[in-house]
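This report refers to the structure that appears directly beneath it.
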Amino acid sequence: MTTKLFERLVTKFSIKVNDLAKYLEISKATIYNYRNLEEFIDIPKDKQIKIFYLFGKENETELELLLDESDQEILAQYVNRISSILKDTINGKKDSIASIEELTEKVRELSAENAELQRQTVSLKKFSNLDEFTKAVLFDKISSITAEASPSEMKEFIDYLDIFEKYRKATSGRK
């Protein structure tokens, strides 16, 4: 077997180290280490399989035969195949990053929504001593008052509620 098969393949097809590292899911330094290996078999098996796929070959012997290929049309087909696979890998990584960013944003939104629902739950628990009919009437009345209220009308309504609360506290002590 010819030495430094991987190095010769990378050189013959002018494959960029960055693209190859992303495709093989390894560091650029590891690519350089692979290029310096005397025997192709020293590359981890899972990476060998990906290299075979990249070139459309099934074994080391077929890769060596590819190095002897001189037909420019056939070589152009290999270059197109390699470029397409590497481009798809890079685009897939970009899509993954976009997906992670979208998921992160969705988690942020859901966390905010959850916090709001927890706040509302705490507020609604204050009504737990009321029967269902009273709750329904109370919420219906409040929603009809506030449904189309302007901000100033909402403030006025809250002020009335504050006044009622103070009145109730003042009169409940008279019993």
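We're numbering straight along the sequence, starting at 1.
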Please test K4 against N36 for side-chain contact (heavy atoms from CB on, under 4.5 Å), starting from the C-alpha separation and ending with a verdict.
-> CA-CA 7 Å; K4 295 194 179 185; N36 289 324; 4.2 Å; yes
Stepwise, does the side-chain contact (heavy atoms from CB on, under 4.5 Å) test hold for L86 with L54?
-> CA-CA 8 Å; L86 295 178; L54 184 63; 4.1 Å; yes
Apply the test side-chain contact (heavy atoms from CB on, under 4.5 Å) to residues L63 and I51: give CA-CA distance (whole Å), side-chain angles for both, the deciding distance (0.1 Å), then the verdict.
-> CA-CA 9 Å; L63 287 176; I51 294 166; 4.3 Å; yes
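By the 6.0 Å contact criterion, OH on Y160 is open, its count of non-hydrogen atoms from other residues, nucleotides or ligands being 12 or less. Environment of CD in E148: sparse, with no more than 12 heavy atoms of neighbouring residues, nucleotides or ligands closer than 6.0 Å. Counting heavy-atom neighbours within 6.0 Å of E62 CD, excluding the residue itself, gives a total above 12. Within a 6.0 Å radius of NZ in K12, other residues, nucleotides and ligands contribute more than 12 heavy atoms.
L5 and L65 fall into different hydrophobic clusters, defined by Ile, Leu, Val, Met, Phe, Trp and Tyr side-chain heavy atoms under 4.5 Å apart, directly or through other members. In the hydrophobic clustering of ILVMFWY residues, with side-chain heavy atoms under 4.5 Å counting as a link, F40 and I49 come out apart. Both V79 and L67 sit in one connected hydrophobic cluster of ILVMFWY residues. Membership requires side-chain heavy atoms under 4.5 Å apart, directly or through other members.
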Throw together a table of side-chain donor-acceptor distances under 3.5 angstrom for residues 135-142, partners on residues two or more places apart or in other chains.
from, atom 1, to, atom 2, distance (Å)
K135, NZ, E132, OE2, 3.3

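Across F6, Y78, F13, a single residue satisfies ring pair (Phe, Tyr, Trp, His ring centres under 6.0 Å) together with F55, and that is F13. Each of K47, E39, K45 was checked for a side chain to side chain contact (heavy atoms under 4.5 Å, CB included) with I43, and the lone residue meeting it is K47.
Taking CG of L24 as the start and CG of D19 as the end, the distance is 11.0 Å to the nearest 0.5 Å. With values rounded to the nearest 0.5 angstrom, I74 atom CD1 is found 9.5 Å from L66 atom CG. Separation of atoms CD1 (I26) and OH (Y34) is listed at 4.0 Å; rounding is to 0.5 Å. The NZ atom of K22 lies 14.0 Å from the NZ atom of K87; values are rounded to the nearest 0.5 Å. The line from CZ of R119 to CG of L124 is 9.0 Å long, rounded to the nearest 0.5 Å. Here CD of E105 is found 10.0 Å from CG of L110. Values are rounded to the nearest 0.5 Å.
Under the 3.5 Å distance criterion, with hydrogens and angles disregarded, no donor-acceptor pair is assigned to the side chains of Q77 and E73.
Proximity of a side-chain donor or acceptor of S84 to a complementary backbone N or O of N80 within less than 3.5 Å is not detected.
Looking only at side-chain heavy atoms (C-beta outward), K169 and E165 come within less than 4.5 Å of each other.
Between I41 and E60 the shortest heavy-atom distance is N-OE1, 4.3 Å. Between V17 and R35 the shortest heavy-atom distance is CG2-NH1, 3.6 Å. When all heavy atoms of S27 and T30 are compared, the pair lying nearest together is OG-OG1, 2.9 Å.
Ring pair Y23/Y53: centre-to-centre distance not below 6.0 Å.
Applying the salt bridge (Lys or Arg N to Asp or Glu O under 4.0 Å) test to pairs two or more places apart or on separate chains, those with a residue in residues 150-163 are K155-D159.
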